[in-house]
Amino acid sequence: MMSASHRKVTPWLVLLLLISVLVCATGAYLLWSQMRLDDAQPKDLQGNIVALEDGDLPTGNELKQMNVVSDTGIHLTVPSVGLDVPVGSLSEVNGQITPPGFTSAYIVRNRGAGNLQEASKHTLFVVTHSVNHGQAPGNYLINVADGRPTVAVGEQIHLGTLKYQISGTTTILKSELGGTSSVWEDSPGRLVLITCLQREHGKSLKNVVITAEIDTP
């Protein structure tokens with residue numbers, strides 16, 4: 001039979017036990033939530049979480065309309081700079097082309113050729129992200145310190161089984177890109193590869209536009 005003093009202590013022990021369980025459960029939930037949050041964050045090619053700025057990713061409604069295919073089964077490679085990434089596809093929406101990820105390049109379906117089968121008859125438009133303080137596909141194509149592309153005329157770009165030779169590179173203000181008709185010209189056997197030109201400090205203000213011509217056997 002328990003003494004009176006034991007009967008008084010027991011509820012406190014139960015309360016402390018309950019508090020302990022609650023704290024442990026809360027800690028486990030917060031850790032799980034953080035892991036889930038980290039998993040949901042976009043990452044670059046090195047697995048680092050990308051620090052997003054406004055406009056870096058499409059909105060939910062835009063994403064639905066873009067009908068993104070994450071991987072078409074082909075790769076974009078630029079041997080001279082070591083770039084080798086999967087290629088997806090997307091649609092331009094309301095005049096905007098925003099890559100939805102930071103580890104792939106994307107063919108724009110409703111501009112020019114839209115696929116490799118039509119590439120000899122039209123321009124193939126491909127877009128990809130670059131990032132600040134990280135490594136996305138576009139970072140292979142730019143020199144942030146010098147503010148210029150890393151590729152040169154005459155170098156090759158491979159897109160699946162197609163081979164292109166670079167014919168020109170230029171930088172264009174983002175605000176002027178949409179209205180630059182020479183970029184969006186639809187010509188047989190032409191490739192236009194676009195990425196952001198990052199700056200060491202501040203948000204990117206320009207795009208790098210790389211043009212290339214298809215190699216015919």
Among residues at least two apart in sequence or on other chains, which ones pass ring pair (Phe, Tyr, Trp, His ring centres under 6.0 Å) with Phe102?
His129

Mind checking whether Tyr164 and Leu162 have side chains closer than 4.5 Å, heavy atoms only?
yes

Spacing of CG belonging to Asn48 relative to CD belonging to Gln41, to within rounding of 0.5 Å
13.0 Å

With sequence neighbours left out, what residues match Thr103 under side chain to side chain donor-acceptor pair (under 3.5 Å)?
none

Does Lys203, at its NZ atom, have more than 12 non-hydrogen atoms belonging to other residues, nucleotides or ligands within less than 6.0 Å?
yes

Pairs meeting criterion side-chain hydrogen bond (donor to acceptor under 3.5 Å, both in side chains) with involvement of residues 79-91, two or more places apart
His75-Asp84, Ser80-Glu155, Ser89-Arg109, Ser91-Arg109

When rounded to the nearest 0.5 angstrom, what distance separates NZ in Lys64 from CG in Asn67?
12.5 Å

Heavy-atom pair with the smallest gap, counting every atom of Leu57 and Pro42:
CD1-CG, 4.1 Å

Here the pair of heavy atoms bringing Ala119 nearest to Leu124 is CB-CD2, 4.4 Å

For the NZ atom of Lys206 and the CG atom of Leu173, what is their distance to the nearest 0.5 Å?
6.0 Å

Nearest-0.5 Å distance that lies between atom CD in Glu200 and atom NE2 in His133:
8.5 Å

Quick one: side chain to side chain donor-acceptor pair (under 3.5 Å) partners of Thr128, sequence neighbours excluded?
none

Test side-chain contact (heavy atoms from CB on, under 4.5 Å) on Leu83 and Thr77 and set out the steps.
CA-CA 5 Å; Leu83 175 62; Thr77 62; over 6 Å; no

Using salt bridge (Lys or Arg N to Asp or Glu O under 4.0 Å) as the criterion, list what pairs up with Arg190, not counting sequence neighbours.
none

Could you list the residues that satisfy side chain to side chain donor-acceptor pair (under 3.5 Å) with Gln165, not counting sequence neighbours?
none

Are Thr123 and Leu191 side-chain neighbours, meaning at least one heavy-atom pair lies under 4.5 Å?
no

Taking the side chain as everything from C-beta on, heavy atoms only, tell me whether Val87 gets closer than 4.5 Å to Asp71.
no

Pairs flagged by salt bridge (Lys or Arg N to Asp or Glu O under 4.0 Å) wherever residues 138-153 is involved - sequence neighbours left out:
Asp146-Arg148

A side-chain contact here means heavy atoms from C-beta on lying under 4.5 Å apart; do Val131 and Gln135 qualify?
no

Hey, are Ser187 and Glu185 close enough side-chain-wise for a donor-acceptor pair under 3.5 Å?
yes

For the residue pair Leu197 and Val144, establish whether any side-chain heavy-atom pair is separated by less than 4.5 Å.
no

Transitive ILVMFWY cluster of Val69 at side-chain heavy atoms under 4.5 Å: who else is in it?
none

Apart from Leu90 itself, members of its ILVMFWY cluster (side-chain separation under 4.5 Å) are Leu63, Met66, Val68, Val93, Ile97, Tyr106, Val108, Phe125, Val127, Ile172, Leu177, Val183, Trp184, Val192, Ile194, Val209

Applying a strict under-4.5 Å side-chain criterion to I, L, V, M, F, W and Y, I'd like to know whether Leu116 and Val85 cluster together.
yes

With side chains defined as the heavy atoms from C-beta onward, is the minimum distance between Pro149 and Asn143 less than 4.5 Å?
no

Judged by atom type as modelled, is there a donor-acceptor pair below 3.5 Å linking the side chain of Thr211 to the main-chain atoms of Ile166?
no

Nearest-0.5 Å distance that lies between atom CD1 in Ile214 and atom CD1 in Ile157:
12.0 Å

Tell me which pairs pass side-chain hydrogen bond (donor to acceptor under 3.5 Å, both in side chains) where either residue lies in residues 112-122, with sequence neighbours left out.
His122-Asp186

Over all heavy atoms of both residues, which pair between Pro58 and Pro99 is shortest? Give the atoms and the distance, please.
CD-O, 3.9 Å

Is the closest side-chain heavy-atom distance between Leu76 and Leu193 below 4.5 Å?
yes

Yes or no on side-chain contact (heavy atoms from CB on, under 4.5 Å) for Thr171 and Asn207, after CA distance, side-chain angles and deciding distance?
CA-CA 6 Å; Thr171 60; Asn207 286 116; over 6 Å; no

Arg199: which residues meet the salt bridge (Lys or Arg N to Asp or Glu O under 4.0 Å) condition with it, sequence neighbours left out?
none

Give me the other members of the hydrophobic cluster that Leu205 sits in, counting Ile, Leu, Val, Met, Phe, Trp and Tyr linked by side-chain heavy atoms under 4.5 Å, directly or via other members.
none

Side-chain donor-acceptor contact under 3.5 Å, Ser204 with Gln198
no

Between Ile210 and Thr195, is any pair of side-chain heavy atoms under 4.5 Å apart?
no

Short side-chain to backbone donor-acceptor contact, Lys174 and Cys196, under 3.5 Å:
no

Which atom names give the shortest non-hydrogen contact between Ala136 and Ser130, and what distance separates them?
CB-CA, 3.9 Å

